[in-house]
Structures are given as structure tokens and as C-alpha cells.
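Below is one structure, written out as C-alpha cells, with a few remarks after it.
Just so it is clear, the values below take in all heavy atoms, side chains as well, and ignore hydrogens, waters and symmetry mates.
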Amino acid sequence: MTNNTVASANISFKNLRRLYIFALLTIAITVLLSQLVIQYNLTSQLSDSKIINISGKQRMLSQKLTKEILILNFISDTKNNKKEIEQANEIIKLWKFNQYALENGNDSLGFPKVKSQKLSDLFNAIKPNFNTIVQAATVFLHNKKLGLQEKENQKLVAIILKNQGIFLEKMNEIVGQYDTEALEKVTLQSKTEYTILGFTLLVLLLEFIFIFKPTNKKVEQLISKLLSSEKKALKLAHDTEVISEAKENSVKELKSLNYAMENTLLYCRVAPDGSIIHIGEKFSKLLQYSPFLSDKTFAQAMTPVEKEQNLLNQIILEKQRIGWQGEIYITTRTQQSIWLDLAIIPVTIKKDESELLVICFDITERKNAEQEIERLNNENFNDRVNQQKIISSKIVENQENEQNRIAKEIHDGIGQMLTGLKFSLESINLEDKEKSEQKIEYLKKLSLDIIKGVRTATFNLMPPELTDHGIVSSLAKLTQELSKLTGKEILFYNKTDFDQRLDSLVEINIYRLTQEAINNALKYANSSHIIVQLSHSATLLSIIIDDNGKGFDIASVEKKRNSESGMGLLFMKERIQYINGRVFFSSILGEGTRITFNIPI
């Protein structure tokens, strides 16, 4: 090899080193900047999430305070009043603290003191209603504690109910504004991340085009030249002093390259018959193979498993002229299973003399990660299939139970009364007017009972109030009837005077969801007071069912998908999603449960 070739190779390696340093620095800076931006945005979003959560909790606290006031207004038991008054005072204290923290900022909660102009305007707008509710509730509780001013208490309850609806509507606007501002931040973060990703991909593409691809070509050419130069130098070493000097330079260059390859690449030089010419130090350590052994083939050095050896021998035999690249799975001598991305490159030494250069990359971690992802995806798919099967079976079971109940109700009730009506009609003797008149009076009463039974059955199937007058009237009728039937205090409030008609499918689903929530409160929670509140905005209809029952642990119930309670929550979620709505569960053990249905209108 000439001095010019040596100088050219040194220049190439210097350029390669500079390019590699530049590429690594560029990627490192890009990754560092992206992480700094992402961490900053995530910190900001955590604060936004907490603010939105507290804002939503303010709505719940206002409604809970109203519920407590209403319960106190209807209960005259002094012992229970004392406990309820203390609870209501605690709610007011927490409500005021949260409201002042949201409005003025709070360092301990991480709430910013500076807000957007729109949020400041919204807080200024809600402040009179908030102060009115707090003042009225405080006076009401004071009067209730002393047992005075019952007439004034009724006025205070009316003031609280009037302002509470307005407070909820304005608080919804505040939550919506917080949500909008948080979404803007997320959108900005997404755009920033996409920009960084695009820049990173562009850097990687440029590195591939201008660094890796030319480098790969140069390395192949240089390796071929070095191998050829080494053999020529050994053969002609004794001829001339000039050739000897060239041989020395070539050997030095080869040693330098070999050192670099030994410490950076998993590589091996293999003869066409599969025997090892040379194996790199890093490769031999991975395979636990001594490079001084010369009696083993490349396949035998790679793995002791005969099946894997046969595969490697077949690849070398079939691909030694055209080369090969692919992933292989082998077992080492220490019984360690590894994945290798293996490339076999044919290198021509002379016209009739060639060898194979094998270069590998250990991709075991990547393959293990891919297999784990595939396993988790399969588990998730199987869980969803099993869940759907449970839902389907429960739906069929509920339909069968409902049909049996209706059939039994018609057979045992209406059917027997119709049979009695038939026999009574047949037994009428028109000649005996006095007995005929008595039987006719009895038949009139029996006919009224039959009509009432038919109406009850049809009301359970499809309430006429729902088809004739809409959801508001049907919910009022439902709470009224259930209150009479169970003897429990079940109240309905149309807080925003909603009077619109909705799609029939939406109305029947809202009715069934509310009916299910009330029945659960009566059946499982042992509730004595249930309040159903309906309110709406321009785009959302909200129905809230509060009870004072024993409550339940939401997380543990949701895990028990096969239990009746777990399936009840799941069916509610499925039904509300069917009409594009959302359901929220809030329950405290020993205090009660709140279920909120939000339906777009």
C-alpha cells in the first residue's frame, strides 16, 4: 500500500470521527431539549389537572351542601340535626377554602395566582352567587341549630336553590375554560414534540445519507484493500526494501482497524467452507469461545445446538456468493438464548480466492421487548373478549328474567281477574234484579282493578308519561310512584326548568338509567333519602342522583366484574355510551353515593 493510500485512509478516519462526534452531539442535544420541553409541559399539566379536579369538586360540594340543607329542611329530629349541621358547616369550610384557592391562587396546592382574563371575569361573575349561597347557608344552619325562624329558613332554602343552579352553570363554564386552556397547552406540547421528532428524523436521515451509507461503502472497500495489501505484502516482503516498507504500513493500518473492530463490532472472518479465519474479541466473549481454538467451524463456535448449527451451515453454503442479512436465534454454551442481527458479506481477496465477513448486532433486548408487547396485546384482547361474553350473557339473562316477570304478572294478576270477570258475567241472572245489580257493581270494581293492572304492566314496559310528555314529566312521575310504593323520601328537582323533548331512544335510556340508579340506592344502599336533580346548559343535560345510603368502594366493585354490583356499574357505562353520554360515580362509605349522568343535547 502506498503512502498516498495511507494518508487517504487516515484522512477518511479523521473525517469519520468528526462526523460521528457531530452526529452524536446533534442527537444528544435534540433528545435533551425534547426532554426539557416535555418535562416542563408535564409539570404544567399536572397543575392544570389538579385545578380542574378541584373545580369539578366545587360543583360536587355545592350540590352536597344543597342536599344537606334540603335534608335538614325536611328533618325535624334534633339529634340528627346536630350531626347534619356539623357536616354542612364542614362542607362550607372546605367549599370556601377551595373557592378562594382557585380564585386567588394557593402555593401549597400549586395553584397559580395569575390567571387568564377570561378566567378572572368568570370568577368575578360567580362571586356574588357564591357569597349569597355561603351567607344564606350559614344563617340557615345558625337558625336550625337554635330551632328558630322556620319561615325565614324556607326563604333561605329558596335563595340557596336559586343561586346553586346559577353557581353550577357558571362553575361549568370555569371548568370548561380550564379544560380549554389545558387543551391548548397539550396541543402546543404535541406540536412541539412533533417538530422535535421531525427534526430528529431529519438529522437521522441526513446522517444515514451523508455518514453511514458512504462509511459502509468506504469500510467495505478499505477492508478489501487492506486484506489484499496484507497478503501481497507478506508474499513480496523479501523482494525489495520499498515493498517491505509498504507492508509495514499496511500491517499498522490493519492493526488499527482490527483494534477498532475488536472493541466495537461483533465480527468474524470465515472461509467458504465454514472454518474460522479470525474472530473478534468482543464476539468471542459473547459466545464464550476461545479464539485460539482452530478445530471448530463458525456454526460450532456460535452454538452447541445441532439444529441451529445446521441452519448456519446452510446459510453459509447457499449465500456465500451473494451475501445474506437477517435475524437468527441461537443458544450459547452457557445456555443463554440470544437474538442476533447477522450480516454475511462476501469479500474477494483474489480472483479465485475469497472469504466471508460476518458482522452481528445483539438485538436480544429489543426482541424480548417486542415479544412482551405482543403478549400483553394478546392478554388485553382476550380480556375484552371475555368481558363482552359476560355482558352478552347478562343481557340475555336479564331479558329472560324480565319476560318471565311480565308473564307471571299478567298470569297471576290480570289473567286471574279476567277469569273471575268471565265467571261473574256467566253467573248473572237477569231475572233476579237485586243480585244482578250487586254483581254488576262488583264487575265494575273488578274491571277497574284489571285496567289498573294493565296500566301498571304497561307502565313498567314503557311509561306513557315518557312517550306523551317527555323525560322531565316521566322522571317526576317515577320518583312520585316509587316514593309512595317504598315509603322513602324520593324527591325530584328540575333546577333549570328544562322542558325540551329529546330523541325517543335517548329519553328511554335516560329513564332506564335513572330508574336503575334509584333501585340500586333502595336495594343495596338502604337509603332513606334520595334526591334526583336535573339541570342543563346549551349543550349538556345533567342528571344527578344523591342518596344517604351506606356507600361502597368503587375501585373494589369495578374489579369484581362477575358480581351483580360490578355488572351493574358496567351496564350503566355501556348504556350511557350508547347515547354518547358519560357517567361519574362518587361514593363515601357510611355517607352516601352520587351518580351523575351527562348527556349531550
Side chains of [X] and [Y] in contact at under 4.5 Å (non-hydrogen atoms):
X	Y	value
Glu370	Glu374	no
Val583	Ile595	yes
Ser354	Pro346	no
Leu286	Thr332	no
Ile599	Leu502	no
Glu516	Arg575	no
Thr593	Lys550	no
Arg366	Trp339	no

Enclosure of Phe584 CZ (heavy-atom neighbours >12, cutoff 6.0 Å): yes
Check: Gln177/Glu181 side-chain N/O donor and acceptor closer than 3.5 Å: yes
Polar side chain donor-acceptor pair, Glu372 to Asn368, under 3.5 angstrom: no
Salt bridge Glu379-Arg375, side-chain N to carboxylate O under 4.0 Å: yes
Considering all heavy atoms of both residues, which atom of [X] and which atom of [Y] are nearest to each other, and what is their separation?
X	Y	result
Gly551	Ser587	CA-OG, 3.2 Å
Ser337	Thr331	OG-OG1, 4.1 Å
Leu589	Phe552	CD2-CA, 3.5 Å
Phe585	Ile554	O-CD1, 3.3 Å
Gln309	Gln300	NE2-CA, 3.8 Å

Any chance you could measure [X], atom [atom1], to [Y], atom [atom2], to the nearest 0.5 Å?
X	Y	atom1	atom2	result
Asn313	Asp273	CG	CG	10.0 Å
Ile579	Ile510	CD1	CD1	5.0 Å
Glu318	Ile315	CD	CD1	8.5 Å
Thr303	Arg333	OG1	CZ	8.0 Å
Asn519	Arg512	CG	CZ	10.5 Å
Ser542	Arg582	OG	CZ	12.0 Å

Trace of the side-chain hydrogen bond (donor to acceptor under 3.5 Å, both in side chains) decision for Asp121 with Gln117: CA-CA 6 Å; Asp121 294 340; Gln117 183 61 43; 3.0 Å; yes
Using atom types as modelled and distance alone, determine if a side-chain donor or acceptor of [X] lies under 3.5 Å from a backbone N or O of [Y].
X	Y	result
Asp179	Val175	no
Thr596	Ile544	no
Ser228	Ser224	no

Pair Asp341-Gln325, side chain to side chain contact (heavy atoms under 4.5 Å, CB included): steps then yes or no: CA-CA 7 Å; Asp341 187 353; Gln325 192 276 330; 2.5 Å; yes
Side chain to side chain contact (heavy atoms under 4.5 Å, CB included) between Tyr329 and Lys367, worked out: CA-CA 10 Å; Tyr329 178 80; Lys367 295 296 289 187; over 6 Å; no
Audit row: Leu312, Met302, side chain to side chain contact (heavy atoms under 4.5 Å, CB included) steps and yes/no: CA-CA 9 Å; Leu312 288 168; Met302 288 281 283; 3.6 Å; yes
For [X], which of [options] qualifies under side-chain contact (heavy atoms from CB on, under 4.5 Å)?
X	options	result
Phe597	Leu541, Asn509, Leu513	Leu513
Arg269	Ile279, Val347, Leu227, Ile223	Leu227
Val358	Leu342, Ile276, Leu266, Leu340	Leu342

